[in-house]
S.K.: 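Provided herewith is a single structure, encoded as structure tokens, for subsequent inquiry.
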Amino acid sequence: MGFFEKVYNAVRKIPKGRVATYGQIARLAGDPRKARIVGWALHSNPYKGEVPCHRVVNRNGNLSGAFAFEGMDEQKRLLEMEGIVFEKDGSVDLKKYKWDDK
DNA sequence: CTTTTGACTGAGT
DNA sequence: AACTCAGCCAAAA
């Protein structure tokens with residue numbers, strides 16, 4: 001299984017109403033240092049619609065922003081729909097919502 | 001083939 | 001707390 005597939009698999013396992021960081025996903029995929037590759041993997045997003053990319057945020061809890069599926073508003077809306085509450089600056093509270101794996 | 005770039009992170013200043 | 005630096009590695013040019 002390639003790294004990309006592990007990434008997709010890990011992202012798929014993120015519980016509803018939770019978010020995970022790239023580093024966390026990278027760790028689950030077996031290589032904590034490949035956080036950037038996780039970004040690439042999701043950017044490629046071959047499993048678009050199947051992998052909940054909207055639940056993956058950077059270490060600050062900021063959404064990937066810029067582009068995404070239909071648009072960043074869509075991404076935010078999806079998270080809010082799952083119960084995630086955003087801060088004024090548009091970031092999520094990782095203390096509350098970071099996926100507690102292990 | 002080499003170089004640049006980027007949905008990142010952690011340590012250092 | 002904010003900013004910088006360096007390491008990481010795959011895809012695109």
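Protein chains get the first letters and strands the later ones, always in sequence-line order, with residue 1 at the start of each.
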S.K.: Rounded to the nearest 0.5 Å, how far apart are CG of Leu63(A) and CZ of Phe86(A)?
M.R.: 4.5 Å
S.K.: Roughly, in whole Å, what's the span from CZ in Phe3(A) to P in dA7(B)?
M.R.: 16 Å
S.K.: Between P on dA7(B) and CG on Leu79(A), what's the gap in Å once rounded to a whole number?
M.R.: 18 Å
S.K.: Give, ordered by number, those residues of residues 82-94 of chain A having at least one heavy-atom distance below 4.0 Å to an atom of DNA chain B; if nothing qualifies, reply none.
M.R.: none
S.K.: Within this structure, what is the NE2-to-C1' distance between His43(A) and dC8(B), rounded to whole angstrom?
M.R.: 15 Å
S.K.: Distance from Glu74(A) atom CD to Met81(A) atom CE, nearest 0.5 Å?
M.R.: 8.0 Å
S.K.: Summarise how protein sits on nucleotides 7-13 of chain C as a single string, 5' to 3': B when a protein heavy atom is under 4.0 Å from the base, S for sugar-phosphate-only contact, - for no contact.
M.R.: BBBBS--
S.K.: Do Val56(A) and Ile14(A) make a side-chain contact, defined as non-hydrogen atoms from C-beta onward lying under 4.5 Å apart?
M.R.: yes
S.K.: CD1/Ile37(A) to CD1/Ile25(A) distance, rounded to the nearest 0.5 angstrom?
M.R.: 14.5 Å
S.K.: Are any side-chain N or O atoms of Tyr47(A) and backbone N or O atoms of Asn9(A), one a donor and one an acceptor, separated by less than 3.5 Å?
M.R.: no
S.K.: Report the distance from atom NZ of Lys76(A) to atom C1' of dA7(B), rounded to the nearest whole Å.
M.R.: 18 Å
S.K.: Can you check nucleotides 10-13 of chain B for protein contacts, nitrogen or oxygen pairs under 3.5 Å, and list what you find?
M.R.:
unit_1  : atom_1 : unit_2   : atom_2 : d
dG10(B) : N7     : Arg59(A) : NH1    : 2.4
dG10(B) : N7     : Arg59(A) : NH2    : 3.4

S.K.: Under 4.5 Å between side-chain heavy atoms, counting indirect links through other Ile/Leu/Val/Met/Phe/Trp/Tyr residues: same cluster for Val92(A) and Val85(A) or not?
M.R.: yes
S.K.: Please identify which of these residues, Val19(A), Leu28(A), Thr21(A), meets the side chain to side chain contact (heavy atoms under 4.5 Å, CB included) condition with Trp99(A).
M.R.: Leu28(A)
